[in-house]
Amino acid sequence: MHAHGDGRDAVAQKEAQAEASVPGDSSLPPWSGRVLGSLASLWSSSSLEELKLSLTWKQAADAWVQVRANVMAPVLQVAVALCMLMSVMLVSEKLLMGATSLFAKVFRWRPQRRYKYQPLGEDMEVGYPMVLVQIPMYNEKQVYKLSIGAACGLSWPLDRIIIQVLDDSTDPEIKNLVELECKTWKSKGFNIKYEIRDNRHGYKAGALKEGMKHSYVGHCDFVAIFDADFQPEVDFLMQTVPFLIHNPDICLVQTRWKFVNSNECMMTRIQEMSMDYHFKVEQESGSTMHSFFGFNGTAGVWRISALEEAGGWKDRTTVEDMDLAVRATLCGWKFVYLGNVKVKSELPSTLKAYRSQQFRWSCGPANLFRKIHKEILKTKKVSTRKKIYLIYSFFIIRRIISHTVTFMFYCVVIPSSVFVPEVEVSTWGVVYIPTTITLLNSVGTPSSFHLLLFWIFFENVMSMNRMRAVWTGLFETGKVNEWVVTKKLGSKLNEQKTEEPRKQTRSSIFGRILLPELGMALYLFLCACYDLRYGKNNYFFYIYPQAITFFIVGIGYVGTLVPS
């Protein structure tokens, strides 16, 4: 019994020695077991964390897909539908205007055929009406001589014309120069009046309104208005006034602008394309259809009695010219546009001046629509067709929708759709409609057809500034009534430039930077990169150049660098 017990103990002792004799075990310190145990525990916990992290990312991705499909996609799809609807409205309006202006051109349906017109001859000198020529100006050091000289050079009997210089200049030196120029022409026998006031209330509208209060204006039948940078040809009055003499229902004769600095830089070339379309298509079609076109504030002749009947000049918006034109139309008066009569003028050649001008031109009409739409609906002196034309075509389509849809559709909705593949944008909305609009805008300036792509991208960038101005005017917020005079540099700018370009100071460089445009450039760049990597519609071909254009404008590398 004892022998068997001793044998079992010996076997157990040998097994224990065998377990203890694991290779390498004798070289490990006593605490190694605890370390190995800790590492094993750590490995198992990190694997668990990785598993949890992967599950978290998967859950986040699934959640993003759900939010994208159920929240973002429906919202973006509604935005696409609204933009498509506005695009159809816009392109339909442009097609109608294009067809009307084409009809007028092909069939020579000119004002001389539609209205009674008889040129003023030398034997009718006694019958010449009294004409007032108004030249409002504000610190126009570069162009005051050109405008005053051009007005004094008009072919009209000296005893039947009064030239009124309305000087709101705040610079004493410039005021003295303008007054001296007026005295010089007065000494030559011209009936020229130099008028100033002690405030700038109402800006240009205030100056024109104040100018009409002088007693000598009561002897005048018509008033021709020229901004300080406009230079009419000598026969301007000879070609425009006869329409007012022989047609008592016409109150305004508007002429076309011709730009003396259109070839100065790429920005002025692009502006010329837009302005030529405005004159050759928009105003030509409005005049042809006997509907309505806005007074451009200059290079036009008004019947003074009609101006007074419409309520005169008002400064409630920054587009006092359009305001007067709408009110005159509501009184039953007609307008005539003469595309063959051109008046020399100047385009803004710096980005700052152009942005300020476009903000005013976009904000003012929207604000005017807010203030006058009820008056349009209530008037009984015009037909329902003209009311619809004024509200729908002139204001809603051209002044509100055109700026809104350009920015929202082509700079926001289409680029954003690359992140939401559930959203479908029809090809005809992305390709055919913008192509049609672009081609229609090019008919005004065929010589600049090769600049169409530059025009598209630059106009899209400017639409951001214009849309902000439109909604500022509609809701009367911010700088709704801010008036920034567009600086003129004179038609001889190139002759005045020195051979060595002026160095831009650090402050002027940073002063040109536009943060909103740079922000849009960054966003569009991200959209293009995402579309290039994951997209299916190849929108990056369009988004990349648009992002670059936003960046170029954002750093102010547009227009001339002539200092103000």
Side-chain angles (χ1 to χ4, degrees), residues 86-115 117 240 243 247 249-258 271-300 319 321-322 325-326 328-330 332-343 361-362 365 368-369 376 382-403 405-406 433 435-446 448 455 459:
M86 290 189 290
S87 297
V88 171
M89 295 166 66
L90 179 60
V91 76
S92 300
E93 179 69 14
K94 285 185 174 291
L95 286 171
L96 176 61
M97 290 190 299
T100 304
S101 59
L102 180 63
F103 169 83
K105 184 177 182 62
V106 172
F107 293 97
R108 300 183 181 278
W109 194 242
R110 299 305 182 195
Q112 289 81 354
R113 293 182 58 185
R114 302 198 306 270
Y115 300 99
Y117 177 81
T240 55
F243 285 97
N247 301 275
D249 58 341
I250 293 177
C251 72
L252 167 66
V253 179
Q254 175 69 61
T255 62
R256 183 180 159 190
W257 300 358
K258 179 182 179 181
Q271 287 181 69
E272 182 188 33
M273 295 173 66
S274 299
M275 293 302 295
D276 281 351
Y277 175 82
H278 168 70
F279 284 106
K280 292 184 178 182
V281 178
E282 288 186 357
Q283 295 209 300
E284 183 72 59
S285 63
S287 179
T288 301
M289 291 188 293
H290 299 278
S291 298
F292 168 80
F293 60 88
F295 174 45
N296 297 318
T298 179
V319 284
D321 43 14
M322 186 182 294
V326 173
T329 297
L330 298 182
W333 291 97
K334 293 181 179 179
F335 302 165
V336 173
Y337 170 70
L338 300 181
N340 62 314
V341 181
K342 303 175 184 179
V343 180
W361 285 5
S362 302
L368 176 61
F369 176 67
I376 296 173
V382 298
S383 64
T384 303
R385 183 184 71 87
K386 186 165 288 189
K387 291 181 183 180
I388 295 174
Y389 179 87
L390 274 171
I391 292 177
Y392 176 77
S393 297
F394 185 78
F395 279 113
I396 295 179
I397 299 295
R398 303 183 204 172
R399 299 309 186 275
I400 298 175
I401 284 182
S402 62
H403 302 319
V405 72
T406 300
I433 285 183
T435 301
T436 303
I437 293 175
T438 302
L439 293 176
L440 288 173
N441 276 277
S442 68
V443 300
T445 316
S448 297
W455 179 85
E459 283 294 297

Distance, nearest 0.5 Å, that separates [atom1] of [X] from [atom2] of [Y]:
| X | Y | atom1 | atom2 | answer |
| --- | --- | --- | --- | --- |
| Thr406 | Leu90 | OG1 | CG | 6.5 Å |
| Ser87 | Ile437 | OG | CD1 | 6.0 Å |
| Thr288 | Met97 | OG1 | CE | 12.0 Å |

Main-chain N/O of Thr298 paired with Gln254 side-chain donor or acceptor, under 3.5 Å: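 Confirmed, Gln254 side chain pairs with Thr298 backbone.
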Tell me the salt bridge (charged side-chain N to carboxylate O under 4.0 Å, His left out) pairs involving [range], sequence neighbours left out?
| range | result |
| --- | --- |
| residues 89-105 | Glu93-Arg398 |
| residues 289-300 | none |
| residues 271-299 | Arg110-Glu284, Arg256-Asp276 |
| residues 285-299 | none |

Which residues pass the side chain to side chain donor-acceptor pair (under 3.5 Å) test with [X], not counting sequence neighbours?
| X | answer |
| --- | --- |
| Thr438 | none |
| Thr240 | none |
| Thr100 | none |
| Gln271 | none |

Residues that Ser274 engages under side chain to side chain contact (heavy atoms under 4.5 Å, CB included), provided they are two or more places apart: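 Applying side chain to side chain contact (heavy atoms under 4.5 Å, CB included) to Ser274 gives Trp455, Glu459.
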Taking only residues two or more places apart in sequence or in another chain, which ones pass ring pair (Phe, Tyr, Trp, His ring centres under 6.0 Å) with [X]?
| X | result |
| --- | --- |
| Phe243 | Tyr117 |
| Phe395 | Phe369 |
| Trp333 | none |

Non-hydrogen side-chain atoms of Ser285 and Leu96 separated by less than 4.5 Å: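 No - every pair of side-chain heavy atoms lies 4.5 Å or more apart.
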Note, Met89 side chain near Val405 side chain (heavy atom, < 4.5 Å):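 Met89 vs Val405: side chains apart.
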From CA spacing to verdict: side chain to side chain contact (heavy atoms under 4.5 Å, CB included), Ser287, Arg114: CA-CA 10 Å; Ser287 179; Arg114 302 198 306 270; 3.0 Å; yes
Are more than 12 heavy atoms, taken from residues, nucleotides or ligands other than [X], located less than 6.0 Å from that residue's [atom1] atom?
| X | atom1 | result |
| --- | --- | --- |
| Arg113 | CZ | yes |
| Lys342 | NZ | no |
| Lys258 | NZ | no |

Intermediate values then yes/no, side chain to side chain contact (heavy atoms under 4.5 Å, CB included), Leu390 and Leu330: CA-CA 10 Å; Leu390 274 171; Leu330 298 182; 4.0 Å; yes
Ring pair (Phe, Tyr, Trp, His ring centres under 6.0 Å) partner of Phe293, the single match among Phe279, Phe394, Phe335: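 Exactly one candidate clears the test, Phe335.
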Of the non-hydrogen atoms in [X] and [Y], which two are nearest, and what is the gap between them?
| X | Y | value |
| --- | --- | --- |
| Pro446 | Val443 | CD-O, 3.7 Å |
| Val88 | Ile433 | CG2-CD1, 4.0 Å |
| Gln283 | Asn296 | OE1-ND2, 2.9 Å |
| Thr255 | Ala299 | OG1-O, 2.6 Å |

Intermediate values then yes/no, side chain to side chain contact (heavy atoms under 4.5 Å, CB included), Lys334 and Asn247: CA-CA 10 Å; Lys334 293 181 179 179; Asn247 301 275; over 6 Å; no
Sub-6.0 Å ring centroid separation between Phe292 and Tyr389: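 Centroid separation for Phe292 and Tyr389: 6.0 Å or greater.
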Trace of the side chain to side chain contact (heavy atoms under 4.5 Å, CB included) decision for Leu440 with Val281: CA-CA 9 Å; Leu440 288 173; Val281 178; over 6 Å; no
side-chain contact (heavy atoms from CB on, under 4.5 Å) partner of Leu439, the single match among Thr435, Thr436, Asn441: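 Exactly one option meets the side-chain contact (heavy atoms from CB on, under 4.5 Å) with Leu439, and it is Thr435.
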